[in-house]
Amino acid sequence: GDAVLPVLYLSTKVKSPTALDESKLKRVVGYLKRTRDRCKVISTTEIERVEMFIDASFSSHPDGAGHSAIVTFVGSTATILKSIKQKIGTKNSTEAELVASSDLYLVGLWLHEFLESLGVVLKKPVIYQDNKSTIALVQSLLNKRLRSRHLQTSEMIADVLSKPLCGEKFYTFAARIQGTQS
């Protein structure tokens with residue numbers, strides 16, 4: 001899951017790759033080789049609710065489109081990861097975050113409803129967002145179905161799927177997705 005963004009990016013370069021693209025590919029392959037023995041840890045902690053970390057990067061593609069990402073957690077286990085190019089152009093980061101929330105919250109809502117259909121009793125799902133303006137808009141639109149909470153940008157785990165990260169932040173978020181760090 002932690003290599004989704006670079007693989008997605010490199011897949012857009014297949015028709016006319018540059019030397020820089022080849023260098024990036026070698027770096028991704030090297031990372032995958034170094035981490036191939038890692039396993040996904042599924043926690044047995046009590047499931048309280050579905051949590052969605054939804055993030056966007058504004059105007060990150062060459063055509064000016066933004067990029068959206070979601071990481072859903074059930075308990076402390078990352079269950080669904082999705083990273084997609086936004087289909088519409090946006091004017092600013094708040095709009096990009098709103099498009100991401102609008103496009104992706106149904107993923108978490110579906111997961112919540114699926115678990116309830118299996119008899120799991122859950123609290124309202126929560127969207128974590130690092131943009132306060134977007135939270136205000138999301139709460140006014142979706143208040144009855146789910147909750148939204150603000151968190152610091154440094155805590156936005158979906159960053160690993162929406163923008164290039166490196167160093168400690170990347171490894172911390174990757175470990176959390178794998179379930180090897182809480």
Side-chain angles (χ1 to χ4, degrees), residues 1-8 28 31-32 35-57 66-87 96-132 134-165 168-182:
D2 46 2
V4 169
L5 184 64
V7 169
L8 185 68
V28 171
Y31 172 76
L32 293 173
T35 59
R36 72 173 159 235
D37 293 331
R38 280 192 335 185
C39 60
K40 173 76 174 145
V41 177
I42 298 174
S43 173
T44 58
T45 60
E46 181 109 6
I47 298 171
E48 194 173 293
R49 64 170 35 109
V50 172
E51 296 178 303
M52 298 169 257
F53 291 78
I54 300 176
D55 195 41
S57 58
H67 200 86
S68 301
I70 183 171
V71 178
T72 63
F73 280 87
V74 175
S76 60
T77 302
T79 53
I80 300 173
L81 292 83
K82 189 170 185 178
S83 180
I84 57 171
K85 181 178 177 181
Q86 292 184 346
K87 295 177 180 129
E97 296 273 2
L98 188 59
V99 167
S101 294
S102 172
D103 288 349
L104 296 174
Y105 87 94
L106 290 173
V107 171
L109 196 58
W110 172 86
L111 180 58
H112 173 85
E113 290 174 359
F114 173 73
L115 290 170
E116 283 191 329
S117 76
L118 296 175
V120 179
V121 178
L122 298 169
K123 294 180 180 177
K124 275 186 185 180
V126 176
I127 291 178
Y128 290 99
Q129 203 19 278
D130 60 1
N131 184 303
K132 289 182 180 181
T134 303
I135 288 175
L137 292 166
V138 167
Q139 279 183 316
S140 68
L141 296 171
L142 304 172
N143 197 25
K144 291 186 169 113
R145 298 191 82 177
L146 43 89
R147 299 176 59 186
S148 45
R149 293 186 183 153
H150 178 260
L151 64 122
Q152 299 301 317
T153 300
S154 62
E155 299 170 334
M156 177 49 77
I157 194 166
D159 275 356
V160 79
L161 300 176
S162 64
K163 50 190 69 86
L165 298 178
E168 188 62 32
K169 192 171 188 178
F170 172 82
Y171 290 110
T172 299
F173 288 164
R176 177 117 186 260
I177 287 170
Q178 288 299 117
T180 56
Q181 181 186 28
S182 54

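Values in this document were obtained by computation on a predicted structure and should not be read as measured data. We're numbering straight along the sequence, starting at 1.
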Nearest atoms (heavy-atom pairs only) where Ala56 meets Ala96: CB-O, 3.4 Å
Among Lys82, Lys87, Gln86, side-chain hydrogen bond (donor to acceptor under 3.5 Å, both in side chains) partner for Ser68: Gln86
Distance in Å, Thr77 OG1 paired with Ile47 CD1, rounded so as to fall on 0.5 Å steps: 7.5 Å
Close side-chain approach of Arg49 and Val126, heavy atoms under 4.5 Å: yes
Between CD on residue Glu51 and CG on residue Leu111, distance to nearest 0.5 Å: 11.5 Å
CZ-CD1 distance between Phe53 and Ile127, expressed to the nearest 0.5 angstrom: 11.5 Å
Value rounded to 0.5 Å, distance of CD1 in Ile54 from CD1 in Ile70: 4.0 Å
Exercise: identify the closest heavy-atom pair between His112 and Lys123: CE1-O, 3.3 Å
Taking every non-hydrogen atom, the tightest pair across Gln129 and Ser101: NE2-OG, 3.2 Å
Closest heavy-atom pair and its distance - Met52, Tyr105: SD-O, 3.6 Å
Interatomic distance, Leu81 atom CG to Thr72 atom OG1 [nearest 0.5 angstrom]: 7.0 Å
Beyond-backbone contact of Glu97 with Asp130, side-chain heavy atoms, under 4.5 angstrom: yes
